[in-house]
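This report concerns only the one structure given below.
Chain letters run A, B, ... following the sequence lines, proteins first, then strands; residues in each count from 1.
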Number of protein chains: 2
Amino acid sequence: MQENYGLLRQHFEEIVNLTDAEWEQIAPHFEYRKLKKHQFLIQTDQPVECEFWIISGLVKSYAIDQKGNEHILQFGMEQYWVSDYFAFQHQLPATIFVDCIEDSEFFCLSLESRESICQQIPAIANFYRIKSNNGFINLQQRILSLLTLSAEERYDELLNKLPKLLQRVPKKLIAAYLGVSRETLSRFKN
Amino acid sequence: MQENYGLLRQHFEEIVNLTDAEWEQIAPHFEYRKLKKHQFLIQTDQPVECEFWIISGLVKSYAIDQKGNEHILQFGMEQYWVSDYFAFQHQLPATIFVDCIEDSEFFCLSLESRESICQQIPAIANFYRIKSNNGFINLQQRILSLLTLSAEERYDELLNKLPKLLQRVPKKLIAAYLGVSRETLSRFKN
DNA sequence: CCATAAAAGTGATATACATCACAAAATCTA
DNA sequence: TAGATTTTGTGATGTATATCACTTTTATGG
């Protein structure tokens, strides 16, 4: 377990420097949790108590449309952060699902805890500032992909960007992430 | 001009509190700029020296695809921040355009300045953290719209969310934002 | 290791939306 | 305010992708 906290500290220290004293203040806010494949972190209409840092495993966050089709917002793997951020930030019931594609381990952080350590420790505010900004940039790139590329081009792009992901998740989930039907994706070469 | 700085300070103070002393440190980093309709803030392949806070006016940020079609990433109006954030953050040549739909005024902030005030003044780090997080959430919502809704449903959603925008920009730009052809959008009722 | 479920492939058909072509409004600008 | 430019509307046609139905292949858990 201590090594998991070590991993988390390393994750922060890739972006900002922390003293031991600061880390002592931060670490207790993170609660360990472990789930098996198919178990839910977040379900629609339920409160969203935490954001999650993924120690190990793989999750997906997704919405279900009127027709019952699944649309994937994000795949989360080791070292990623995931939540229903809209609901988390505004403390509203979830509008998306997050569940495990593989057995997974997490650190959970409540909104209250996050705001508290951001107020107390400027380095943490800067960490989240930089992380959020990077996340924002990634989503802008994805929107441009959705607007400018064909389904097949988006698939090729993903193959280049995250080749390992394709080994870990069924293609029908890749299709749900790219915004294309699994049948159409299955007809792409490669 | 002083009142423009006042507006900017108010904008920060909607999210965080600043002392006069802090504001004295912050304000000089912002450089005033004024452009007319059709003039460019950012052009592809050029360095991106600043991010821009819009005092007044309206801009669009967009990419041009291989076929020469324009795809709009963002409309920026009063109080919005805009840049080519990917290029800005990584100090690379721009991959998108930003130009004025109306005569506009801005405050420009360099990356160096932004990082400097975020390091010196924790409230500013928290301001950008919260702003980036909100931006991230908004883009997630837009991705879900692109994945789950039809073109007409996305149009209706935008009509609800930003009814004033429709008064200020030609419909062909709305089409370029929604990811639909202007002809198809013209056939939607309303 | 077997039984059941999940994933993937594939043909036939349907459809949302794009594209092309042209005309009519609306709006800039000299 | 006249001429040019931009924007909008609309019919005809094309196409990328969805949907449906079914089979084959691969994974999974008891």
Worksheet item: Is there a donor-acceptor contact under 3.5 Å linking the side chains of Gln120(B) and Ser116(B)?
Response: yes
In this structure, how many angstroms lie between the [atom2] atom of [N] and the [atom1] atom of [X], rounded?
X: Leu178(B); N: dA18(C); atom1: CG; atom2: P; answer: 11 Å
X: Glu153(B); N: dA16(C); atom1: CD; atom2: P; answer: 11 Å
X: Ile101(A); N: dT28(D); atom1: CD1; atom2: P; answer: 13 Å
X: Arg168(A); N: dT26(D); atom1: CZ; atom2: P; answer: 22 Å
X: Leu173(A); N: dA6(C); atom1: CG; atom2: P; answer: 13 Å
X: Leu166(A); N: dA7(C); atom1: CG; atom2: P; answer: 15 Å
X: His38(A); N: dT28(D); atom1: NE2; atom2: P; answer: 9 Å
X: Lys171(A); N: dA27(D); atom1: NZ; atom2: P; answer: 12 Å

Discussion item. Nearest to the Ser186(B) side chain among dT19(C), dG9(D), dA8(C), which nucleotide is it?
Written reply: dG9(D)
Worksheet item: Which listed nucleotide (dT19(C), dT17(D), dG9(C)) is nearest to the side chain of Thr184(A)?
Response: dT17(D)
Worksheet entry | 5'-most by nearest nucleotide on DNA chain C - Arg182(B) or Ala151(B) | Ala151(B)
Worksheet item: Is there a path of hydrophobic side-chain contacts, each under 4.5 Å between heavy atoms of I, L, V, M, F, W or Y residues, that connects Tyr62(B) with Leu149(A)?
Response: no
Side-chain N,O ([X]) to OP1/OP2 ([N]) below 4.0 Å:
X: Lys172(A); N: dA7(C); result: yes
X: Lys37(A); N: dT28(D); result: yes
X: Lys67(B); N: dA18(C); result: no

Worksheet item: Aromatic ring centroids of Tyr32(B) and Tyr5(B) under 6.0 Å?
Response: no
Worksheet item: Is it true that Tyr128(B) and Trp81(B) have ring centroids separated by less than 6.0 Å?
Response: yes
Discussion item. What's Glu183(A) touching, base or sugar-phosphate or nothing? Going by heavy atoms closer than 4.0 Å.
Written reply: base
Practice prompt. Would you kindly check whether a donor in the side chain of Arg187(B) faces an acceptor in the base of dT19(C), or vice versa, at under 3.5 angstrom?
Written response: yes
Item to complete: Show the numbers, then the answer: is there a side-chain hydrogen bond (donor to acceptor under 3.5 Å, both in side chains) between Arg142(B) and Gln140(A)?
Response: CA-CA 10 Å; Arg142(B) 183 158 170 214; Gln140(A) 280 202 336; over 6 Å; no
